[in-house]
**Student:** 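Below is one structure. I have some questions about it.
The chains referred to below are lettered A, B, ... by the order of the sequence lines, with proteins before strands, and numbering in each begins at 1. In what follows, every heavy atom counts, from backbone to side chain, and hydrogens, waters and symmetry copies are set aside.
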Amino acid sequence: MMRLSNTLSGKTEEFRPREAGRVGMYSCGPTVYDYGHIGNFRTFVFVDLLRRALRQSGLKLNHVMNITDVDDKIIRNATANNISVRDYAAKYEQAFLEDMKILNLEQPEHVVRATDHIHGMAKFIAGLAEKGFAYKTEDGSYYFRIVKDPDYGKLSKKDFAGMEDGARVDVDEYEKDSARDFALWKAPKPGEAQWETEIGPGRPGWHIECSAMSREFLGDTFDIHLGGEDLIFPHHENEIAQSESLTGKTMANYWVHCRFLLVEGEKMSKSLGNFYTLRDLLLKGHKASSIRYLLASVPYSRQLNFTFDGLKQAAQSVERLRNFKLRIETAKLADGSTEKFAQLAQQTESKMRAAFDDDMNTSVALAAIFDMVREANSAADAGELRKGDVAPLLSALQKFDEIFDVLRDNDAEKSRFALEWAKSAGKLAAEQQAELERFAAQSAALSDAQIEELIAARNAAKKARDFGRSDAIRNQLADAGVILEDTKDGVRWKRK
RNA sequence: GGCGCGGUACCCAAGUGGUAAGGGAGAGGUCUGCAAAACCUUUAUGCGUGGGUUCGAUUCCCACCCGCGCCUCCA
């Protein structure tokens with residue numbers, strides 16, 4: 001059974017789904033006002049890892065993720081770019097979905113747009129108003145009345161009881177009863193997106209969408225609510241206030257938050273010049289798998305220090321795992337099998353399972369798989385590995401990759417995608433143009449059969465001790481992006 | 001100021017009241033016509049500093065120093 005850090009209780013707890021074998025979870029998705037940055041993706045990678053681990057442990061998932069496609073920033077940016085809010089948001093929603101694919105993030109069972117559920121939100125607010133938790137101001141906005149909710153602050157551990165209502169009201173907040181009250185519904189303003197609803201015209205506040213949509217898809221109470229740690233307050237606190245005030249029930253049993261990502265030890269920010277979108281990194285030549293690996297390698301309950309050195313290290317680590325897989329898949333081995341490898345593989349699977357169960361400790365899971373790789377490599381070097389040993393080892397690798405998903409090598413096509421995107425957006429630097437051409441040349445260049453043919457020719461040349469010719473072939477293949485490895489068992493090759 | 005997290009080798013990073021996982025880098029080696037790649041071995045008498053508890057602390061307690069987060073839009 002998995003243990004998870006529950007912000008609500010402040011403890012790491014056994015995860016017990018409400019319904020045996022099934023888990024209902026909600027994760028806060030992106031606000032599509034710009035391209036996603038690596039901080040965003042740390043959280044999304046974590047959510048993806050958790051999804052996969054829960055499923056691997058036998059649970060059936062019902063996971064909802066929202067896309068916030070109307071908010072202040074979107075409206076502001078759309079206005080600045082002189083396009084409609086709808087078109088603006090659609091562009092970045094599309095980009096986000098592309099980025100998810102680049103990072104091998106699975107699609108949640110339900111990806112829901114805020115603007116497709118406006119009426120549900122209006123209805124939700126009407127319900128709150130009916131119970132006295134919401135009030136309407138003169139301009140037609142609605143606010144949540146915090147003094148009505150004695151539990152307010154329970155997630156973020158803030159004590160609002162001592163704050164006398166009115167004593168600290170900011171004079172600028174003229175419309176609200178209390179400075180702490182938050183917007184549920186914003187009255188229409190000229191030029192802004194707005195909807196006609198039963199509570200009047202306007203647009204939803206940020207917090208209400210998650211309350212309304214989670215309830216619609218998951219019910220009054222569900223198992224896990226996920227998000228970045230910065231959402232604890234006010235966003236998640238407000239979701240709880242809205243949902244629990246309306247239904248009188250617990251909204252979610254487990255509130256799990258991913259810690260922040262730092263860049264070179266500092267908070268990522270545009271002013272510090274250490275702000276990177278996923279696409280920035282791909283255009284700098286980093287592989288999608290390196291990025292996913294690095295983001296996955298540190299447990300979510302710890303801050304992750306993202307560095308370019310770390311990214312290189314991650315690339316090496318991924319290579320090591322891929323090379324091992326290639327090695328045991330292609331090795332020429334004697335028949336038979338050895339009990340110790342079956343045991344090793346079995347133990348590795350158990351260790352990984354235990355690591356995931358222990359609050360998604362990905363570091364420990366990685367240690368387990370690398371231990372296996374080292375032991376199996378040693379044995380293979382010593383000639384102890386047999387044909388029958390390959391299957392259990394591959395099985396353990398597969399279990400690993402069902403969660404981490406870094407062994408498939410489709411990095412080149414993803415980098416190429418990013419380059420082509422940059423080209424169409426007019427952001428392509430000269431060296432990136434060259435890189436793009438190189439990709440084009442490579443993919444057009446050689447078929448597998450042609451590669452095999454050239455390798456055979458090189459082998460023949462080597463046998464005839466015509467090293468000039470064999471090296472020329474090796475260079476030709478290298479130019480085409482094919483890397484050769486001479487091993488005891490013959491030549492192994494892979495595309496770069 | 002309030003609340004919370006962390007300081008472990010050159011870098012990233014687990015972990016535990018009983019003597020430091022894993023990865024990367026470096027060094028050495030195996031393999032090779034050479035090279036690359038691959039693989040192996042190796043690298044912290046010590047886990048921010050000072051006290052305390054204990055037979056024993058990196059792990060618990062106290063103080064201090066440093067870094068980070070939230071408290072306002074933010075993954």
**Student:** Side-chain donor or acceptor of N305(A) under 3.5 Å from a matching atom on the base of G6(B)?
**Tutor:** no
**Student:** Which nucleotide in the list A38(B), G22(B), G33(B) gets nearest to the side chain of D371(A)?
**Tutor:** G22(B)
**Student:** So which heavy atom on G265(A) is nearest to which on N305(A), and how close?
**Tutor:**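 Scanning both residues, the minimum pair turns out to be N-OD1, 2.7 Å.
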**Student:** Please determine whether any donor N or O and acceptor N or O are separated by less than 3.5 Å between the side chain of Q313(A) and the base of C11(B).
**Tutor:**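 By the distance-only test, yes, there is a pair.
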**Student:** Calculate the interatomic distance between L477(A) atom CG and A36(B) atom C1'; express it in whole Å.
**Tutor:**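 Interatomic distance, CG of L477(A) to C1' of A36(B): 14 Å.
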**Student:** Hey, does G39(A) reach any base, or is it just sugar-phosphate, or nothing, if we go heavy atoms under 4.0 Å?
**Tutor:**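 The residue G39(A) makes base contact.
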**Student:** Rounded to the nearest Å, what distance is computed from the CE atom of residue M372(A) to the P atom of nucleotide G22(B)?
**Tutor:**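 Result: 15 Å.
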**Student:** What about the rings of Y92(A) and Y35(A), do their centers lie closer together than 6.0 Å?
**Tutor:**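 Aromatic pair counts; centres sit under 6.0 Å.
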**Student:** Describe the nucleic acid contact of Q316(A) in one word from base, sugar-phosphate, nothing, applying a heavy-atom distance below 4.0 Å.
**Tutor:** sugar-phosphate
**Student:** Using the side-chain hydrogen bond (donor to acceptor under 3.5 Å, both in side chains) criterion, which residues pair with Q94(A)? Sequence neighbours excluded.
**Tutor:**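 Residues passing side-chain hydrogen bond (donor to acceptor under 3.5 Å, both in side chains) with Q94(A): E98(A).
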**Student:** When H37(A) is tested against each of Y276(A), F275(A), F96(A) for ring-ring contact (aromatic ring centres under 6.0 Å, His included), which residue passes?
**Tutor:** F275(A)
**Student:** Which stems, defined as runs of 3 or more consecutive Watson-Crick or G-U wobble pairs with both pairing distances under 3.5 Å, involve RNA chain B?
**Tutor:** B:1-7 with B:65-71, B:10-12 with B:22-24, B:26-30 with B:38-42, B:48-52 with B:60-64
**Student:** Applying a 4.0 Å non-hydrogen cut-off, can you work out what F233(A) is touching in the nucleic acid: base, sugar-phosphate, or nothing?
**Tutor:**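 Sugar-phosphate: the residue F233(A), judged by heavy atoms under 4.0 Å, touches backbone atoms but no base.
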**Student:** Name the nucleic acid region contacted by S301(A), choosing base, sugar-phosphate or nothing; use a 4.0 angstrom heavy-atom cut-off, strictly under.
**Tutor:**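 Contact class for S301(A): none.
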**Student:** Rounded to whole angstrom units, what separation is found between the CG atom of L366(A) and the P atom of C12(B)?
**Tutor:** 17 Å
**Student:** With respect to the side chain of E229(A), which nucleotide from A75(B), C11(B), G69(B) is positioned closest?
**Tutor:** G69(B)
**Student:** Determine the interatomic distance between C1' on A13(B) and the same-named atom on U30(B); round to the nearest Å.
**Tutor:**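 Pairwise C1' distance, A13(B) against U30(B), rounds to 29 Å.
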**Student:** Rounding to an integer number of angstrom, what distance separates A35(B) and G29(B) when you compare their P atoms?
**Tutor:** 13 Å
**Student:** Is there a donor-acceptor pair under 3.5 Å between the side chain of D358(A) and the backbone N or O of A354(A)?
**Tutor:**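 Checking the backbone N and O of A354(A) against the side chain of D358(A), no donor-acceptor pair under 3.5 Å is found.
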**Student:** Whole Å only: how far is the CD1 atom of I74(A) from the P atom of C73(B)?
**Tutor:** 16 Å
**Student:** Taking for each residue the nucleotide of RNA chain B bearing the nearest heavy atom, is the 5' side occupied by K312(A) or by N323(A)?
**Tutor:** K312(A)
**Student:** So what does P30(A) hit on the nucleic acid, given a heavy-atom distance under 4.0 Å: a base, only sugar-phosphate, or nothing?
**Tutor:** nothing
**Student:** In whole angstrom, what separates F324(A)'s CZ from A37(B)'s C1'?
**Tutor:** 17 Å
**Student:** Suppose we call two aromatic rings close when their centres sit under 6.0 Å apart. Are Y26(A) and H63(A) close by that rule?
**Tutor:**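 Aromatic pair excluded; centres sit 6.0 Å or further apart.
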**Student:** At a heavy-atom distance below 4.0 Å, what parts of residues 351-362 of chain A sit against RNA chain B?
**Tutor:** N361(A)
**Student:** Report yes if a side-chain nitrogen or oxygen of R302(A) is closer than 4.0 Å to either non-bridging phosphate oxygen (OP1 or OP2) of G67(B); otherwise report no.
**Tutor:**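 So the side chain of R302(A) is outside the cut-off, no N or O lying under 4.0 Å from OP1 or OP2 of G67(B).
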**Student:** Compute the centroid of each ring, for H236(A) and then for H207(A), and state whether the two points are separated by less than 6.0 Å.
**Tutor:**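 So the answer is no for these two rings.
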**Student:** Look at the side chain of D486(A) and the base of A35(B), then say whether one donor and one acceptor between them are separated by less than 3.5 Å.
**Tutor:**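 Such a pair is found, so the answer is yes.
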**Student:** D471(A) side chain: which of C68(B), C34(B), A14(B) is closest?
**Tutor:** C34(B)
**Student:** Check if the side chain of R474(A) and the base of C34(B) share a donor-acceptor pair of N or O atoms closer than 3.5 Å.
**Tutor:**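 Looking at the base of C34(B), it does pair with a donor or acceptor on the side chain of R474(A) (distance under 3.5 Å).
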**Student:** Return yes if the base of A14(B) and the side-chain atoms of S363(A) contain a donor-acceptor N/O pair under 3.5 Å, otherwise no.
**Tutor:** no
**Student:** Between A37(B) atom C1' and W493(A) atom CH2, what is the distance in whole Å?
**Tutor:**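 Nearest whole value for this atom pair: 16 Å.
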**Student:** Between A75(B), C71(B), G23(B), spot the one nearest the side chain of T31(A), thanks.
**Tutor:**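 Selected nucleotide: A75(B).
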**Student:** Give a yes/no answer on whether the side chain of K267(A) brings an N or O atom under 4.0 Å of OP1 or OP2 in C70(B).
**Tutor:** yes
**Student:** Tell me whether the OP1 or OP2 atom of U72(B) has a side-chain N or O from R180(A) closer than 4.0 Å.
**Tutor:**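 So the side-chain polar atoms of R180(A) do come within 4.0 Å of the phosphate oxygens OP1 or OP2 of U72(B), strictly under.
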**Student:** Could you check how far CD of E384(A) sits from P of C40(B), rounded to whole Å?
**Tutor:**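 Those two atoms, CD and P, are 13 Å apart.
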**Student:** Have a look at H257(A) and say if it touches a base, only the backbone sugar-phosphate, or nothing, with a 4.0 Å heavy-atom cut-off.
**Tutor:**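 No contact.
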**Student:** Over 60° means perpendicular and under 30° means parallel, so tell me whether H235(A) and W206(A) are parallel, tilted or perpendicular.
**Tutor:** parallel
**Student:** Taking the six-membered ring of Y143(A), is NZ or CZ of K186(A) closer than 6.0 Å to its centre and within 45° of its axis?
**Tutor:**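 No, K186(A) does not lie over the aromatic ring of Y143(A).
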**Student:** With respect to the side chain of D230(A), which nucleotide from G69(B), C74(B), A38(B) is positioned closest?
**Tutor:** C74(B)
**Student:** Go nucleotide by nucleotide along RNA chain B from the 5' end; which of F260(A) and A367(A) gets its closest nucleotide reached first?
**Tutor:** A367(A)
**Student:** I473(A) CD1 to C34(B) P: how many Å, rounded?
**Tutor:** 19 Å
**Student:** With under 30° as parallel and over 60° as perpendicular, where do the rings of Y152(A) and F233(A) fit, or are they tilted in between?
**Tutor:**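 It falls in the perpendicular class, over 60°.
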**Student:** Walk me through it: do R52(A) and E402(A) pass the test salt bridge (Lys or Arg N to Asp or Glu O under 4.0 Å)?
**Tutor:** CA-CA 7 Å; R52(A) 291 161 179 260; E402(A) 281 172 10; over 6 Å; no
**Student:** Compare side-chain N and O positions of Y33(A) against OP1 and OP2 of A75(B) and report whether any pair is under 4.0 Å apart.
**Tutor:** yes
**Student:** Any side-chain to backbone donor/acceptor pair from T137(A) onto S141(A)? Under 3.5 Å, distance only.
**Tutor:**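 Present.
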**Student:** Choosing from G4(B), C73(B), A37(B), which nucleotide comes nearest the side chain of K73(A)?
**Tutor:** C73(B)
**Student:** Considering every strand and a 4.0 Å limit on heavy-atom distances, what is the contact class for G10(A): base, sugar-phosphate, or nothing?
**Tutor:** nothing
**Student:** If you only use heavy atoms from C-beta on, which nucleotide in C40(B), C71(B), C34(B) is closest to the side chain of K158(A)?
**Tutor:**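 Of C40(B), C71(B), C34(B), C71(B) is nearest to the side chain of K158(A).
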**Student:** What's the closest nucleotide to the side chain of P234(A) if the choices are U41(B), C73(B), C5(B)?
**Tutor:**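 The nucleotide sitting nearest to the side chain is C73(B).
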**Student:** What integer number of Å spans the P atoms of G51(B) and G56(B)?
**Tutor:**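 Their P atoms lie roughly 16 Å apart.
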**Student:** Looking at the side chain of R465(A), which of U41(B), G33(B), C73(B) is the nearest nucleotide?
**Tutor:**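 In terms of side-chain proximity for R465(A), the closest of U41(B), G33(B), C73(B) is G33(B).
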**Student:** Anything under 30° is parallel, anything over 60° is perpendicular, the rest tilted; go ahead and classify W255(A) against H225(A).
**Tutor:** parallel
**Student:** Is T487(A) touching bases, backbone alone, or none of the nucleic acid, heavy atoms closer than 4.0 Å?
**Tutor:** nothing
**Student:** R458(A) side chain: which of A35(B), A37(B), A14(B) is closest?
**Tutor:** A35(B)
